[in-house]
Amino acid sequence: MSSSTKAEPQEVEKEGAWRSLEAGAFRRALLEWFDAHQRQLPWRGIDDPYAVWVSEVMLQQTRVATVIDYFERWMKRFANVENLAEAPVEEVLELWSGLGYYRRARHLHQAAKKVVSEYGGQLPRRASELKKLPGVGPYTAGAVASIAFGEVEPVVDGNVMRVATRLEAIEGDPRKGEVKRRIWELAARWVDPQRPGDFNQAMMELGSQVCTVRAPRCGSCAVRQWCRAKKEGDPERYPSGTAKKSPQPMRGRCCVVYCQDEEGSRSFLLRRRREDGLLGGLWGFPGCEKIGQRWPTVDELAQQLQEPLGETSPEDMERSMGTVTHIFSHRRLKMRVHQLRVRSRQSPPGERWRWVGAKELDQVASSALLGKIHQHWQDS
DNA sequence: AATTCGGGGAT
DNA sequence: ATCCCAGAATT
């Protein structure tokens, strides 16, 4: 097949050949589209590596729309890295409440302390150095290095995986093994040496706005002429082999222990969860969960309430007020909710128990599960 | 290489 | 209901 028979010289050719020949045209097309169509986001156009870092950590496995409010509140409260380093972890977790993956907040906090103590308050600019910070992996290191410091580093996130597997018609799960390694290699070759940060953001923006999981808008894609998947006719086929496991069932039982004063305002007894494991270190209603189909017994629940309340018989807790369902990515929790009214707020022992007024319930470090249970309890 | 970590929006 | 999102750390 001679090249003279080609109607369009820019059509997809041999494996990877166009990349060296037309990398410039590809980058120009993508960046031109990005310059015209990028969304205005709170962390864009700010010349502050700390802000870029915070946004990238919040954006790990989390949608842009969800992050925006959290980011703005965070930057108002922890305006710079020293500010964050000095804050108590309790307050850090409080601002993170509801965002999920709470280890991110702990790592960000630890990393801020490290930046202050070991880097003089200046975030390192090299990806290899950034990666030494807790909570900073290959993606975040590349993102901060390229966006905040202009280092020529690639990024590969879920968007880039999708765009790349389609551009190159790559088979297999891009999240693992050889396929993953190959995509990082491609991303490194593609990144624009002049505008690495914008290029990386453009790839991700393209993935989220045009090259979407379902119903990609190939008709308005700036780089469609380089796309093998489009040429094949079924871009939605990529990425392939990405089946997920369904969440394990889990059963729980908890108790809303409350106290009501003369004016009728309520307060609730909360327990802090152990540091490791699910929702580690967060506050919630006392209770227990087990993997499997069997419900924890009321006895187990009563036993747990013994520490703050003394002896409580199972009969003290009125019959279950129904069930709250909460879905984590890997677990599906059905939680039976009980209630127990006590006469006085007995002083809670130790650091793992506290009383919280109804109005302050949204100001504690907690997960969305607490709010869901409280809501369910109010409605019953 | 597989698992464990949240939560929610889109379909 | 299912998928997956600007992933990282641990086992």
Side-chain angles (χ1 to χ4, degrees), chain A residues 34 38-39 41-44 52-71 93 96-108 110-111 130-148 153-163 173-181 184 187 197-209 211-215 236 239 242-248 250 273 275-282 284 291 325-333 365-372:
Chain A
F34 182 66
Q38 67 168 302
R39 292 168 291 176
L41 301 172
W43 49 87
R44 281 190 178 154
V52 173
W53 175 34
V54 170
S55 72
E56 292 301 342
V57 172
M58 286 187 171
L59 285 162
Q60 290 167 9
Q61 294 290 286
T62 309
R63 294 168 187 283
V64 167
T66 306
V67 166
I68 292 176
D69 287 347
Y70 282 90
F71 175 81
L93 286 171
W96 204 273
S97 292
L99 195 53
Y101 286 141
Y102 298 94
R103 200 158 39 176
R104 292 183 295 176
R106 296 176 179 282
H107 283 150
L108 194 50
Q110 292 164 9
L130 284 162
K131 223 175 298 182
K132 295 178 182 173
L133 296 171
V136 178
Y139 166 78
T140 306
V144 174
S146 64
I147 297 170
E153 293 281 349
V155 300
V156 175
D157 73 330
N159 290 304
V160 176
M161 286 181 197
R162 188 170 54 257
V163 172
D173 189 339
R175 294 169 304 182
K176 41 199 211 180
E178 181 58 23
V179 182
K180 178 176 168 184
R181 196 191 59 71
W184 273 98
D198 286 342
F199 178 89
N200 286 335
Q201 292 183 82
M203 288 287 282
M204 296 189 279
E205 190 85 346
L206 188 76
S208 75
Q209 301 300 304
C211 195
T212 47
V213 177
R214 280 178 293 279
E236 280 189 64
T242 58
K244 283 254 164 64
K245 292 204 304 187
S246 58
Q248 265 186 318
M250 190 158 67
R273 305 173 62 96
E275 305 295 317
D276 57 332
L278 194 64
L279 308 178
L282 300 186
I291 294 175
T325 299
H326 193 67
I327 308 205
F328 305 102
S329 48
H330 57 306
R331 303 236 196 287
R332 174 192 192 79
L333 171 64
S366 62
S367 89
L369 178 58
L370 181 142
K372 201 179 278 189

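Chain letters run A, B, ... following the sequence lines, proteins first and then strands; every chain starts at 1.
- When side chains are defined from C-beta on, Arg106(A) counts as touching Leu93(A), because their heavy atoms get closer than 4.5 Å.
- Residue contacts for Arg332(A): at a heavy-atom cut-off of 4.0 Å it reaches the sugar-phosphate backbone alone, with no base atom in range.
- In this structure, Lys180(A) places its NZ atom where only 12 or fewer heavy-atom neighbours from other residues, nucleotides or ligands lie under 6.0 Å away.
- Between His330(A) and Phe328(A), the ring planes lie tilted relative to each other; the angle falls in the 30° to 60° range.
- In this structure, the ring pair (Phe, Tyr, Trp, His ring centres under 6.0 Å) partners of Phe71(A), at least two apart in sequence or on a different chain, are Trp43(A).
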Report task. Heavy atoms under 4.0 Å is the rule here; annotate nucleotides 1-11 of chain B 5' to 3' with B where the base is hit, S where only the sugar-phosphate is, and - elsewhere. Result -> S-SBBBBBB-S
Report task. Can you run through DNA chain B from 5' to 3' and write each base as (, ), [, ], | or . depending on how it pairs? Watson-Crick or G-U wobble, both distances under 3.5 Å. Result -> |||||.|||||
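- No donor-acceptor distance shorter than 3.5 angstrom exists from the side chain of Gln38(A) to the backbone of Ala202(A), with no hydrogens or angles considered.
- Among the atoms of the strands shown, none is found under 4.0 Å from any heavy atom of Arg273(A).
- Note: CG (Leu59(A)) to P (dA8(C)) measures 12 Å, nearest angstrom.
- Atom CG of Asp157(A) is separated from atom P of dG7(C) by 5 Å (rounded to the nearest Å).
- Annotation: the span from Met250(A) atom CE to Ile327(A) atom CD1 amounts to 11.5 Å, rounded to 0.5 Å.
- Residue Val136(A) is classed as a sugar-phosphate contact, given heavy-atom separations below 4.0 Å to backbone atoms only.
- Rounding to whole angstrom units, CG of residue Asn159(A) and P of dG7(C) are separated by 7 Å.
- Only the P atoms considered, dA8(C) is 22 Å distant from dG8(B), to the nearest whole Å.
- Distances were taken from every side-chain heavy atom of His107(A) (C-beta onward) to each of dA8(C), dA9(C), dA6(C); the shortest belongs to dA9(C).
- Contacts of Ser246(A) with the nucleic acid, taken as non-hydrogen atoms under 4.0 Å apart, are absent.
- In this structure, CE of Met204(A) is placed 12 Å from C1' of dG7(C), rounded to the nearest angstrom.
- Nucleotides dG6(B) and dT11(C) place their P atoms 15 Å apart, quoted to the nearest Å.
- Distance CZ (Phe34(A)) to P (dA6(C)): 14 Å, rounded to an integer number of Å.
- Within 4.0 Å (heavy atoms only), Ile147(A) reaches no atom of the nucleic acid at all.
- Arg273(A) places no side-chain N or O within donor-acceptor distance of the main-chain N or O of Gly284(A), the cut-off being under 3.5 Å.
- Atom CD of Gln110(A) is separated from atom P of dA9(C) by 10 Å (rounded to the nearest Å).
- Nucleotides dC5(B) and dC4(C), compared at atom C1', are 16 Å apart to the nearest Å.
- Using a 4.5 Å heavy-atom cutoff, the side chains of Leu333(A) and Leu369(A) are in contact.
- We find the CZ-CE distance between Phe199(A) and Met204(A) to be 10.5 Å, quoted to the nearest 0.5 Å.
- The OG atom of Ser97(A) lies 10.5 Å from the CG atom of Leu279(A); values are rounded to the nearest 0.5 Å.
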